[in-house]
Protein chains: 2
Amino acid sequence: MVSRVESAAATRRALLDAAADLLDSGGPGAVTLREVGARAGVTRGAPYRHFPDKDSLLTAVAAEALDRLADQAQDVRTDPQAPPADKLRRALSALMTIGRRQPHLYRLMFTSPAGDPAAIHAATQAGDRAQDEFLAIVGDLVGAQHTSRYAALLLTSVHGITDMEVSGHLSADKWHITAEELVSTLVSMIDRQTRSG
Amino acid sequence: MVSRVESAAATRRALLDAAADLLDSGGPGAVTLREVGARAGVTRGAPYRHFPDKDSLLTAVAAEALDRLADQAQDVRTDPQAPPADKLRRALSALMTIGRRQPHLYRLMFTSPAGDPAAIHAATQAGDRAQDEFLAIVGDLVGAQHTSRYAALLLTSVHGITDMEVSGHLSADKWHITAEELVSTLVSMIDRQTRSG
DNA sequence: CAGTTTCAGATGACGTTGTCACCTTAACAA
DNA sequence: TTGTTAAGGTGACAACGTCATCTGAAACTG
């Protein structure tokens, strides 16, 4: 009933899910290959049949998250109804939501990928796809000649806002401003800029 | 010649320096208390006489780096010669330089501090001081009513630019723009904004 | 100055973890 | 049916964080 490849694929999936759960609960240090194996219903050594080492497993988790983000961005971009400005807002919001709901995963996604070359390649590819979607969304909004500049500025800035919020370095007490206000300030500045210049 | 407190202080300094060196060379994972002790001329257990655990040691390293950054920012801010716009550029440049020269330290500085409450408090304090200096520098430039909004935007954005450059997610091939260009775009946008509105 | 306290540091030990070498077993291909 | 392959199990090892305990000398107290 269950072919060998099916069973192996299911195990691999269970390993990735378990690793993601442990990552969420306590960061990369909380991900132990033994616990990952146990939660996937296998033993310590089994994960090494699917991932060459721990770094590669974590990088695979990051790659999947980047892929999901790229999918979300693609869905937003190809929505025929929404106006470009809404698309941008939704794409940025998707990124910030990951940061808030899964801070450890978010940090992992924006770390230099480690592990074996194949894992690194997969994560890089997924990250590139997410960036390309984002680039296209911004391009639809600001026009071709401004795209690269403002897409890069938006993405890096929103990442910085999210990252500092996640790590607690954007305290409302000191700054008297929320992450959302920062993003909308930035977006409207760029909007004004691209209209006038 | 060497009193007990002097010797202890020297050891503590050597431990912090060794930890910082190991951090630079390979990230937090490369910092082992055994190697830290060895480089400081003591044995495995000795670091525990100065730091309750590894997290507290790393947080102390981050706190010192944040303190140095705050000092740099303060030097810039109190320079009687430089025009406010130059001060901002120099302060932002100081931040980005840490990212480029000591990427692992940079990541550590922008992570939620871990370890014992005293270590966390020290790091938070140092970070707050650095942020206050930035706030004051931006305030001198854009005026009081815009300070909080644009200071936060500048700091978070430049952090995001630096962080993505450091982690390799800001490849020149894809974005056709450098970190410097992004920062200067942002600064001139804010400049235009505060002049006109 | 003698006795006591304190504390940096040394050492032995323990549990956990990543990783490897080797073995087993069941699915597949011939 | 038989040989091959690959997933998974198991034992082992070194490295690591951490703790309990011990030691010696500096600092303090009377």
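Both backbone and side-chain heavy atoms feed into the values below; hydrogens, waters and symmetry mates do not. Throughout, protein chains are lettered first and strands after them, A, B, ... in sequence-line order, and every chain is numbered starting at 1.
Atom pair His50(A):NE2 and dA7(D):C1' shows a separation of 6 Å (rounding to whole Å applied). Arg44(B) places its CZ atom 16 Å from the P atom of dT21(D), with the value rounded to the nearest Å. Look at CG on Leu33(A): it is 7 Å from C1' on dG18(C), rounded to the nearest Å. The separation between Phe51(B) atom CZ and dC7(C) atom P is 17 Å, rounded to whole Å. In this structure, Leu57(B) places its CG atom 10 Å from P of dG17(D), rounding to the nearest Å. Put simply, CZ on Arg49(A) is 11 Å from C1' on dT5(D), counting in whole angstrom units.
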Exercise for the section: Would you check, one step at a time, whether the test side chain to side chain contact (heavy atoms under 4.5 Å, CB included) holds for Gln193(A) with Arg149(A)? Expected result: CA-CA 12 Å; Gln193(A) 199 82 1; Arg149(A) 169 165 302 223; over 6 Å; no
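The closest side-chain donor-acceptor pair between Asp191(A) and Ser188(A), if any, does not fall under 3.5 angstrom.
Within a heavy-atom distance below 4.0 Å of DNA chain D, no residue of residues 12-31 of chain A is found.
Taking the side chain of Arg34(B) as heavy atoms from C-beta on, and the options dT19(C), dC16(D), dG9(D), the nearest nucleotide is dC16(D). The nucleotide whose nearest atom lies closest to any side-chain atom of Ser7(A) is, among dA8(C), dG8(D), dG9(D), dG8(D). The nucleotide whose nearest atom lies closest to any side-chain atom of Asp53(B) is, among dA10(C), dT19(C), dT18(D), dT18(D). With distances taken from any side-chain atom of Lys54(A) to the nucleotides dG17(D), dG9(D), dT19(C), the minimum falls on dT19(C).
Helix-axis bend for the helix from dC1(C)-dG30(D) to dA30(C)-dT1(D): the local axis fitted to the five terminal pairs at one end deviates from that at the other end by 10°, rounded to 10°.
Using cut-offs of 30° and 60° for the angle between ring planes, the His159(A) and Phe110(A) rings count as parallel.
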